[in-house]
Amino acid sequence: MRFVAEEYNRVVGWIAISLASTRAVYSGVGEVSIYISNESKGKRIVSKLFEI
């Protein structure tokens, strides 16, 4: 699953949530990846993406 933040038709950040592993021992465990452009740091974009 991915969520993207845009400003003026430009991607300024995204988060991705995926399974950590297909092994049964990791059932229910996820991995979160986050990207925020340098120009967008400090604008609370990550917080807004996690509210979705």
Side-chain angles (χ1 to χ4, degrees):
M1 184 180 313
R2 288 170 174 52
F3 298 100
V4 176
E6 294 180 326
E7 275 186 340
Y8 308 108
N9 294 322
R10 185 173 155 256
V11 173
V12 294
W14 56 262
I15 60 174
I17 304 167
S18 57
L19 293 175
S21 175
T22 57
R23 293 180 54 196
V25 69
Y26 293 108
S27 177
V29 177
E31 179 179 351
V32 177
S33 299
I34 302 170
Y35 166 79
I36 299 296
S37 68
N38 284 330
E39 298 84 22
S40 298
K41 290 181 181 174
K43 294 185 177 180
R44 300 187 47 85
I45 291 184
V46 172
S47 297
K48 293 174 186 174
L49 286 167
F50 274 108
E51 288 176 4
I52 297 174

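What you are looking at is a predicted structure, and each value in this text was computed from that prediction instead of being measured. Along the sequence shown, residues carry numbers from 1.
- For the salt bridge (Lys or Arg N to Asp or Glu O under 4.0 Å) condition, the pairs that include at least one residue of residues 43-52, sequence neighbours left out, are Glu7-Lys43.
- Note on Val4 and Val46: separate hydrophobic clusters, where clusters join Ile, Leu, Val, Met, Phe, Trp and Tyr whose side-chain heavy atoms are under 4.5 Å apart, directly or indirectly.
- Side-chain contact between Ile45 and Tyr35: absent, with no pair of heavy atoms (C-beta onward) separated by less than 4.5 Å.
- Among residues two or more places apart in sequence or in another chain, the side chain to side chain donor-acceptor pair (under 3.5 Å) test is passed with Lys41 by Asn38.
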Taking only distance into account, with no hydrogens and no angle test, what donor-acceptor pairs under 3.5 Å do side-chain atoms of residues 10-26 form with protein atoms, sequence neighbours excluded?
{"from": "Arg10", "atom 1": "NH2", "to": "Glu39", "atom 2": "OE1", "distance (Å)": "3.1"}
{"from": "Ser21", "atom 1": "OG", "to": "Arg23", "atom 2": "N", "distance (Å)": "3.1"}

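- Cluster membership check: Met1 does not share its hydrophobic cluster with Val29, using side-chain heavy-atom separations under 4.5 Å among Ile, Leu, Val, Met, Phe, Trp and Tyr.
- Annotation: salt bridge (charged side-chain N to carboxylate O under 4.0 Å, His left out) contacts of Glu31 (sequence neighbours excluded): none.
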